[in-house]
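In what follows, chains carry the letters A, B, and so on, assigned in the order in which the sequence lines appear, proteins first and then strands, with residues in each chain numbered from 1.
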Protein chains: 2
Amino acid sequence: MTTAAPAPAPSSRDLPHPVRGEIRLEAVLHALSDPMRLQVVRELAAVSDELSCSHFDLPVTKSTTTHHFRVLRESGVIRQVYRGTAKMNGLRRDDLDGLFPGLLDSVLAAAAAQAVRLGSVAVR
Amino acid sequence: MTTAAPAPAPSSRDLPHPVRGEIRLEAVLHALSDPMRLQVVRELAAVSDELSCSHFDLPVTKSTTTHHFRVLRESGVIRQVYRGTAKMNGLRRDDLDGLFPGLLDSVLAAAAAQAVRLGSVAVR
DNA sequence: GCCGTACTACGATGCCTATCGTAGTAGTCG
DNA sequence: CGACTACTACGATAGGCATCGTAGTACGGC
């Protein structure tokens, strides 16, 4: 075993992500069709950086939050990594733009337009 | 009474559609997140004309087909009208483009790109 | 070493939905 | 009128999913 890959301790903390080629349009659309998940994606796109799960103050329990983040991750919309005790979430903009050019931007623009239209203009 | 609207016989054949302002992004994304419905929308966009329900040869029963067309209609993606015995379906491109500029086109492009990517290039 | 924080996993529940089959209604054509 | 076509409505079923609560695991600080 020359390579002697030290197997960086599976640690049971590695999260399964679809590789770019495995991302399916239907799954992405489904992930974005939930208001709570769409809101999360909008926030992530706004900061264009990673955010911890606890940063989001969603009106549901932690368990449900975990579930929504998992749907987003497994559909390929976000990437999740552990950083110490925190789990950071980042938008997979490169992969999404590569596979579906313009899709994410038009969805984000549509969400923003609708937020204005529905009078949610004042932040929340 | 001048108008004297003769009430063109409700006939129980008028189909409820959301007006433009009632169309919700989440509902549209959800409607498009089903493979069968996405396929229908792609065909409608390809012909840019009305198509009867029976034109589509979906691998499900008539009942299920009716259900899918209703989801598309109630979400505001398509418009349905009766023409004789046939029920014609047309994409509401104007309304969708007006509310969510570029969204429909990028979804259609993404669907086409994915179809190619998955090797479904040879028809079925 | 112990505790608090952050997040997960598991089990349960209720709703939504995709699917079917059967029966029924509207329109057209003979 | 009568048969045929096109589509709907209704009822049933099974699976998915958003939600919760509780219990558990990993990390970092004291």
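Each of A:Thr64 and B:Thr66 was assigned the nucleotide of DNA chain D with the nearest heavy atom; the assignment lying further toward the 5' end belongs to B:Thr66. Nearest-nucleotide positions on DNA chain D place B:Met88 closer to the 5' end than the other of B:Met88 and A:Asp34.
In this structure, CD of A:Gln80 is placed 16 Å from P of C:dA6, rounded to the nearest angstrom. Rounded to an integer number of Å, the gap from A:Tyr82 OH to D:dA26 P is 10 Å. Regarding B:His67, its NE2 atom lies at a distance of 18 Å from the P atom of D:dT13, rounded to whole Å. Separating the NZ atom of A:Lys62 from the P atom of C:dC7 is a distance of 7 Å, rounded to the nearest angstrom. Distance CG (B:Leu15) to P (C:dA26): 14 Å, rounded to an integer number of Å. Put simply, CG on A:Leu72 is 14 Å from C1' on D:dC17, counting in whole angstrom units. Taking atom CD of B:Glu26 as the reference point, atom P of C:dC16 lies 16 Å away to the nearest angstrom. In this structure, A:Leu32 places its CG atom 15 Å from P of D:dC17, rounding to the nearest Å.
Looking at heavy-atom distances under 4.0 Å, A:Arg83 makes no contact with the nucleic acid at all. Using a 4.0 Å heavy-atom distance criterion, B:Ser54 is classed as a sugar-phosphate-only contact. Nucleic acid contact class of B:Ser52 (heavy atoms, under 4.0 Å, all strands): sugar-phosphate only. Heavy atoms of B:His30 sit under 4.0 angstrom from primed sugar atoms or phosphate atoms, though from no base atom.
Between B:Ala31 and B:Ser75, the shortest heavy-atom distance links the atoms CB-OG, 3.4 Å. Taking each heavy atom of A:Arg92 and A:Arg20 in turn, the nearest pair found is NH2-N, 3.9 Å.
The salt bridge (Lys or Arg N to Asp or Glu O under 4.0 Å) test applied to A:Asp34 returns no partner, not counting sequence neighbours.
In this structure, B:Thr85 does not reach the C:dT28 phosphate: none of its side-chain N or O atoms is under 4.0 Å from OP1 or OP2. For the pair B:Thr61 and C:dC20, the criterion of a side-chain N or O lying under 4.0 Å from OP1 or OP2 is met. Residue B:Arg70 places none of its side-chain N or O atoms closer than 4.0 Å to OP1 or OP2 of C:dT17. Here A:His68 does not reach the OP1 or OP2 of D:dC17: none of its side-chain N or O atoms lies under 4.0 Å away.
Here C:dA18 is the nucleotide among C:dC20, D:dT19, C:dA18 with the atom lying nearest to any side-chain atom of B:Val71. Distances from the side chain of A:Ser63 to the nucleotides C:dC7, C:dA9, C:dT19 place C:dA9 closest.
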Please output the side-chain donor-acceptor pairs of residues 56-63 of chain B that fall under 3.5 Å, not counting sequence neighbours, one pair per line with the distance.
{"unit_1": "B:Thr61", "atom_1": "OG1", "unit_2": "B:Thr64", "atom_2": "N", "d": "3.4"}
{"unit_1": "B:Thr61", "atom_1": "OG1", "unit_2": "B:Thr64", "atom_2": "OG1", "d": "3.2"}

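Side chain to side chain, A:Ser106 and B:Ser106 meet the donor-acceptor criterion of an N or O pair below 3.5 Å.
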